[in-house]
Asker: 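Encoded as structure tokens, here's the structure I'll be asking about.
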Amino acid sequence: MEKREFLKAGALLTAGALVAPSVLFGNSTAEAAPTGILADKGPHTLPKLPYAYEALEPHIDKQTMELHHKAHHQAYVDNLNAAVLKTPMEKITLDVFFKNITKYKPEIRNNAGGHYNHTFFWETLNPAASIPMGGIDAAIKKKFLTLDAFKAAFNKEAMNVFGSGWVWLCVNKANKDVFIVSTPNQDNPLMEIPGTVKGVPIIALDVWEHAYYLKHQNKRKDYIAAFWNLVDWNKAEQRFQEATASKTK
Ligand code: MN
């Protein structure tokens with residue numbers, strides 16, 4: 001640890017005796033720099049899918065993937081750009097938007113959320129089968145005892161989302177515990193919204209009807225079951241390690 005960072009960490013620990021944990025683990029200057037598209041400013045761009053549209057068959061069909069990526073995700077990117085370009089918000093990263101989301105108009109919340117959530121979702125999926133390992137496996141078993149119990153809890157949360165929204169497995173950076181949470185519309189657990197739980201996303205499931213209606217119609221349960229064949233546990237472990245690593249690099 002660099003001396004300067006050590007001093008900063010010491011100052012925060014001292015402050016910790018006086019301030020709430022949310023201040024310590026919220027927007028503290030000791031927090032790691034945002035990575036991936038969280039660091040992106042405008043103009044925002046549609047990322048390429050990490051696999052072909054048909055690669056997730058038979059679990060998620062080609063037509064759904066194509067529409068979901070080229071039409072739905074593209075629209076979030078376009079609408080986000082329409083809201084920020086040629087304004088001071090052009091220079092604001094997604095990370096900063098999420099930490100201050102209630103200060104921005106609904107177009108930012110919906111479209112910055114939509115852009116981030118879909119990018120995260122595509123990278124949660126992988127046609128190659130994998131199983132939980134390492135830190136994420138241990139954290140899931142600590143909280144839920146078995147993988148099946150975790151999946152049952154996640155499935156229940158996903159079935160209970162009323163209308164459109166997302167289900168997330170997150171980690172609490174402070175104590176490294178994992179938890180399941182759902183968010184409405186295009187909200188996500190990185191957003192600072194009073195009365196909601198914050199966490200670092202590990203895996204995400206889109207439960208908007210546009211994610212499954214062509215193949216599964218109203219049978220959300222079948223779509224959720226299909227999802228478990230596609231979760232990239234290598235990616236989940238990578239995200240878990242990044243989220244729980246020391247904040248000073
Ligand atoms: Mn979607």
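Order of listing sets the numbers, starting from 1, for every ligand and every atom in it. Sequential numbering from 1 along the given sequence is applied to the chain's residues.
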Asker: I'd like to know if Lys198 and Glu192 make a salt bridge, using a cut-off of under 4.0 Å between side-chain N and carboxylate O.
Answerer: yes

Asker: Is Arg109 salt-bridged to Asp187, going by a charged N under 4.0 Å from an acidic O?
Answerer: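 A salt bridge links Arg109 with Asp187.
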
Asker: Counting the benzene-type ring for Trp, do Trp228 and Phe150 have ring centres under 6.0 Å apart?
Answerer: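 Yes, they do, as the ring centres are separated by less than 6.0 Å.
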
Asker: Please name all residues satisfying side chain to side chain donor-acceptor pair (under 3.5 Å) with Lys48, sequence neighbours left out, ordered by chain then number.
Answerer: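 Counting only residues at least two positions away or on another chain, Lys48 forms no side chain to side chain donor-acceptor pair (under 3.5 Å).
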
Asker: Quick one: name the protein N/O/S atoms under 2.8 Å from the Mn ion (ligand 1), chain by chain.
Answerer: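 Listed by chain and number: His68 NE2, His118 NE2, Asp206 OD2, His210 NE2.
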
Asker: Donor-acceptor pair, Asn117 side chain versus Gln186 backbone, under 3.5 Å?
Answerer: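 Flag set: sc Asn117 to bb Gln186 pair under 3.5 Å.
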
Asker: Ignoring hydrogens, what is the shortest heavy-atom contact between Val207 and Trp166? Give both atom names and the distance.
Answerer: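 Heavy atoms only, the tightest pair is CG2-N, 4.0 Å.
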
